[in-house]
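First the structure, in the form of C-alpha cells, and then the observations on it.
Just so it is clear, the values below take in all heavy atoms, side chains as well, and ignore hydrogens, waters and symmetry mates. Order of the sequence lines sets the chain letters (A, B, ...), proteins ahead of strands, with each chain counted from 1. Being a predicted model, the structure only gives us computed values, none of them experimental.
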Protein chains: 2
Amino acid sequence: MNNPSPAEKAAILESITIDCVIFGFKAGNLEVLLVRHGEGISKDKWGLPGGWIYKTESTDDAANRLLLELTGIKDIYLEQLRAFSDPDRFPLSRVITIGYYALIKEEDYDLKAGATAAEVAWFKVSQVKDLIYDHAQILEIGLKRLRRRIKQEPIGFNLLPQKFTLLQLMHLYEEILGKEMDKPNFRRKILKMNLLTPLNEKEKDVSHRAAKLYQFNPETYQQLLEKGFNFEF
Amino acid sequence: MNNPSPAEKAAILESITIDCVIFGFKAGNLEVLLVRHGEGISKDKWGLPGGWIYKTESTDDAANRLLLELTGIKDIYLEQLRAFSDPDRFPLSRVITIGYYALIKEEDYDLKAGATAAEVAWFKVSQVKDLIYDHAQILEIGLKRLRRRIKQEPIGFNLLPQKFTLLQLMHLYEEILGKEMDKPNFRRKILKMNLLTPLNEKEKDVSHRAAKLYQFNPETYQQLLEKGFNFEF
DNA sequence: CTTCCTTATAGTTTATTTGACTACAAGTAT
DNA sequence: ATACTTGTAGTCAAATAAACTATAAGGAAG
C-alpha cells in the first residue's frame, strides 16, 4: 500500500486499495500471513498483504493478483470482508481499503516475497502486534468473521492437512472458538453430518493409540456450504 | 450516482460511491426504498439511494448523509454490505460502490425527495424491476443478508410498529424467509426467548378475536444481538 | 510379558428442543 | 343462537444435546 509511481497512476484507482487477511493453522495455532514492506512510508514494517487496484480489474481479481505478487500464493478463494473507510486511516491521502480474507492449508503453499514485499511469514494470531495503518482492525474483523463462519459453515477444514484425526479437527475448533469441547460429543456430531470420509489409515509415530485418519466428503461439503449448519458444540 | 460537478470534484473521492438498500415492511409485504433520479445519465430511472463520498467523511457517514439528502431519512443504523467492483458496472468511468443496508419502520419516517432525487418511494421487493447499473445485484445481496441475519439475530423487529401481535411478527418472518410456519410453535419459541414484553392491550378494529399486543424487551434484545440465536422455525 | 499410562472410541442416561397436531377460547358476522 | 375466524393453550412422539461412564488400543516402563 505504498504510494503508486507516476507510471502506475494511469492504470490504478487512486483512493482504493485491497488488504488480505490470510489464515492458516499449524501445530494447534491459528496463524496469519504478514508481509514486511520493502519500500515506501511503511518500509520495514509488517502489515497485511495488499495494494492498489488496476482500473480494469475487479477487486476480487486485484486481491488475488496482489497476493500472488507479494507472497507467491495463488488461486485461493478470497472472500470480501468489507470496506475500511476511516478518513485518517492512511496517513498520506484519503484511501479506502477493501479487506479480503481466506483460509488456507499452510502446507499447500510456498511463500515467496515479491514486488514491494521484503519478507513474508506466518505469525500466530495471538502474538501479532504493531501492524501498519489500521491493519490490526482489519485482522480483528477477519477473525470475527472467521469465528462466526466456522460455526455455520464447514470452512474450518480448509486449514487442516488432507488427512487428519478427529481430535485435530476438534482442537482447531477449540483454538478458533476459544472454548473446550467434549470429545465423544464432538465425534458423534461431526460424524453424523456425513461430512468426513474415514480412511483405512491411522496416525503414525505417536506414543499412544493411533487415531483413525479422515478426509472430507466434498459432496456433503458442498451441500453444507450452501445449506449451512449449526456447529455450536 | 451522477457524475460530480467540477466544483464538487475537489471534495469527493473520484472512483467510489455509496448505495443504500433500505428495507421496510408494510401490510405483509417487504418493501425497499428507491429514488427516481432527477439528473445525469440515469435521469428518470429508479435506483437505490446513493452517491459520492466526501474526502473528509467515513463511508458510514457518507451513507447517512446521502440517505438524508435524497430521501429525508436520518439517524438510522446502516450496516455495510460489501463493495461492488465489476469494472463495467458504471458506464461512464470505473467506479466501485460500497453497499449499505438497513431495516426501518416505514411509519417512523417521512419521505422527502431532495438533492438529485426527483422522487422517493417504497416498492414491494417482489415487484422491483429495471434498476440502474448493478443495483438489482446490490438489492439481491442485501436481501440475502437480511434473510441470513434474521435467522440469527432479532433484527426483524425493526420493521414492525412499536406494538405488534405475534401473528404480525410471524408473518414478517414468513414473508422474509418465504416459508410458512406453525402458529403455536412460533409462539412458544419466541416467547421463551424472553424477548417480548406483553402489554395490557389488544388489537382494535379487527373483525375477529383481538390478539394481545407485544413490544420488545430492549435488554434481552441487546443480549441476543450480541450472542445471536437460531431462528430456524 | 505384565502393568501403567495415554488417547481413541463406544455407549448410556437425562433433560431439552422440535414438529405436527388437537382442542378450546374469544371475538365478529349472520 | 349459530357459524366462522383467529388467538392461545396443551399434548405427544421423535430428535437432539450435554454430561458422563466404560472399554479398547496402543506405547512405555519395569
Legend entry - Partner set under salt bridge (charged side-chain N to carboxylate O under 4.0 Å, His left out) for B/Asp75, not counting sequence neighbours: none
Inset, instruction - Check the distance between C/dT9's P and A/Leu166's CG and give it to me in whole angstrom. - result: 6 Å
Inset, instruction - Nearest whole angstrom, please: distance from the C1' of D/dT5 to the CD of B/Glu203. - result: 12 Å
Inset, instruction - May I ask you to check whether over 12 heavy atoms, not counting those of A/Asp44, lie within 6.0 Å of atom CG? - result: yes
Inset, instruction - For B/Lys183 and C/dT22, give me the distance from atom NZ to atom C1', rounded to whole Å. - result: 13 Å
Tabulate protein N/O versus nucleotide N/O from nucleotides 11-17 of chain C, keeping only pairs under 3.5 Å, one per line.
unit_1, atom_1, unit_2, atom_2, d
C/dT17, OP2, B/Lys192, NZ, 3.2

Inset, instruction - Figure out the CE/C1' separation between B/Met181 and C/dT18, and round it to whole Å. - result: 14 Å
Inset, instruction - Sequence neighbours left out, what passes salt bridge (charged side-chain N to carboxylate O under 4.0 Å, His left out) with A/Asp110? Give chain and number order. - result: none
Legend entry - Between C/dA10 (P) and A/Phe186 (CZ): distance, integer Å: 15 Å
Inset, instruction - Give B/Leu167 one of three labels, base, sugar-phosphate or nothing, depending on what nucleic acid heavy atoms sit under 4.0 Å from its own. - result: sugar-phosphate
Legend entry - Close side-chain approach of A/Val21 and A/Leu143, heavy atoms under 4.5 Å: no
Inset, instruction - Could you list the residues that satisfy side chain to side chain contact (heavy atoms under 4.5 Å, CB included) with A/Glu174, not counting sequence neighbours? - result: A/Met170, A/His171, A/Glu180, A/Met181
Inset, instruction - For B/Arg149, enumerate each residue passing the salt bridge (charged side-chain N to carboxylate O under 4.0 Å, His left out) test, keeping only those at least two apart in sequence or located in another chain. - result: B/Glu79, B/Glu153
Inset, instruction - Mind calculating the distance between CG (A/Leu191) and P (C/dA10) to the nearest angstrom? - result: 8 Å
Legend entry - Listed partners of B/Arg188 passing salt bridge (charged side-chain N to carboxylate O under 4.0 Å, His left out), at least two apart: none
Result block: side-chain N/O donor-acceptor pairs under 3.5 angstrom for residues 208-219 of chain A, not counting sequence neighbours:
unit_1, atom_1, unit_2, atom_2, d
A/Asn217, OD1, A/Glu219, N, 3.1
A/Asn217, OD1, A/Thr220, N, 3.4
A/Asn217, ND2, A/Thr220, OG1, 3.1

Inset, instruction - Take atom CZ of B/Phe164 and atom P of D/dT6, then tell me their distance rounded to the nearest Å. - result: 20 Å
Interface polar pairs with nucleotides 24-26 of chain D, N/O, under 3.5 angstrom:
unit_1, atom_1, unit_2, atom_2, d
D/dA24, N3, A/Arg209, NH1, 2.8
D/dA25, O4', A/Arg209, NE, 3.3

Inset, instruction - Please state how far atom CG in A/Leu213 lies from atom P in C/dA8, giving the value in whole angstrom units. - result: 11 Å
Inset, instruction - Please collect all salt bridge (Lys or Arg N to Asp or Glu O under 4.0 Å) contacts where either partner lies in residues 192-202 of chain A, sequence neighbours excluded, each pair once. - result: A/Lys163-A/Glu201
